[in-house]
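Note that these values count all heavy atoms, side chains included, but never hydrogens, waters or copies made by symmetry. All values reported here derive from a predicted model rather than from experimental measurement.
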Amino acid sequence: MLINNFSVLVVKRRLRAYQVSKGTGIAESTLSSFVNIVDNEKDIKLSTLIKLCNYLNCTLSELIEYIPEPNPK
């Protein structure tokens, strides 16, 4: 399972999507899609994640958390 912390990081830094878009060059529509990703229905480029990490001054694991699914027995 992936946990997307983008919204949390943006709120903590008191930023708006417009500011992130201008600062990274990532379209606001792409940011919106990233926030609304459900169950891995859409892929996001690694280069986009790196831009976000650089702009937000965070690590990839702070932006996206991975929690392994329990193995069904």
Side-chain angles (χ1 to χ4, degrees):
M1 171 173 24
L2 293 177
I3 299 173
N4 182 342
N5 293 316
F6 174 72
S7 295
V8 173
L9 293 170
V10 169
V11 168
K12 281 183 179 179
R13 288 162 174 78
R14 297 180 179 179
L15 297 169
R16 302 273 183 207
Y18 173 79
Q19 294 169 296
V20 177
S21 176
K22 286 293 184 186
T24 60
I26 299 168
E28 286 186 67
S29 59
T30 301
L31 295 174
S32 178
S33 294
F34 178 54
V35 168
N36 296 310
I37 289 175
V38 178
D39 296 328
N40 300 324
E41 68 184 30
K42 185 175 179 182
D43 295 330
I44 187 160
K45 291 181 179 182
L46 181 58
S47 60
T48 301
L49 294 173
I50 291 169
K51 285 179 186 179
L52 289 172
C53 287
N54 286 332
Y55 184 78
L56 296 170
N57 193 28
C58 68
T59 64
L60 186 55
S61 61
E62 290 173 308
L63 184 62
I64 302 289
E65 290 181 63
Y66 172 71
I67 300 173
E69 299 282 336
N71 290 331
K73 293 183 180 184

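A 4.5 Å side-chain heavy-atom check between Ile26 and Ser21 finds every atom pair outside the cut-off. Contact of the Val35 side chain with the Val10 side chain is not registered, since no non-hydrogen atoms from C-beta on lie closer than 4.5 Å. In this structure the side chain of Ile50 reaches within 4.5 angstrom of the side chain of Leu46, judged on heavy atoms. Proximity of Tyr55 to Gln19: side-chain heavy atoms (C-beta onward) are separated by under 4.5 Å at one or more points.
The two residues Leu63 and Cys53 have their closest heavy-atom pair at CD2-SG, 3.9 Å. Arg13 and Asn57 get closest at one heavy-atom pair: NH2-O, 3.8 Å.
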side-chain contact (heavy atoms from CB on, under 4.5 Å) between Thr48 and Phe34, intermediate numbers included
CA-CA 10 Å; Thr48 301; Phe34 178 54; over 6 Å; no
Please assess Cys58 against Lys12 for the test side-chain contact (heavy atoms from CB on, under 4.5 Å), listing each intermediate value before the final yes or no.
CA-CA 12 Å; Cys58 68; Lys12 281 183 179 179; over 6 Å; no
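In the hydrophobic cluster analysis, where Ile, Leu, Val, Met, Phe, Trp and Tyr join through side-chain heavy atoms closer than 4.5 angstrom, Ile67 is grouped apart from Leu60. Hydrophobic cluster membership is shared by Leu15 and Leu49, with clusters built from Ile, Leu, Val, Met, Phe, Trp and Tyr side chains linked at under 4.5 angstrom. Residue Met1 is not grouped with residue Ile64 when hydrophobic side chains (ILVMFWY) are merged at heavy-atom distances under 4.5 angstrom, including chains of intermediate members. Using a 4.5 Å cut-off between side-chain heavy atoms of Ile, Leu, Val, Met, Phe, Trp and Tyr, with links allowed through other members, Tyr66 and Phe6 fall into the same hydrophobic cluster. With hydrophobic clusters built from ILVMFWY side chains whose heavy atoms lie under 4.5 angstrom apart, Leu31 does not share a cluster with Val11.
At a cut-off of 3.5 Å, with distance as the only test, a side-chain donor of Glu65 or Asn5 sits close to an acceptor on the other residue.
Proximity of a side-chain donor or acceptor of Ser32 to a complementary backbone N or O of Glu28 within less than 3.5 Å is not detected.
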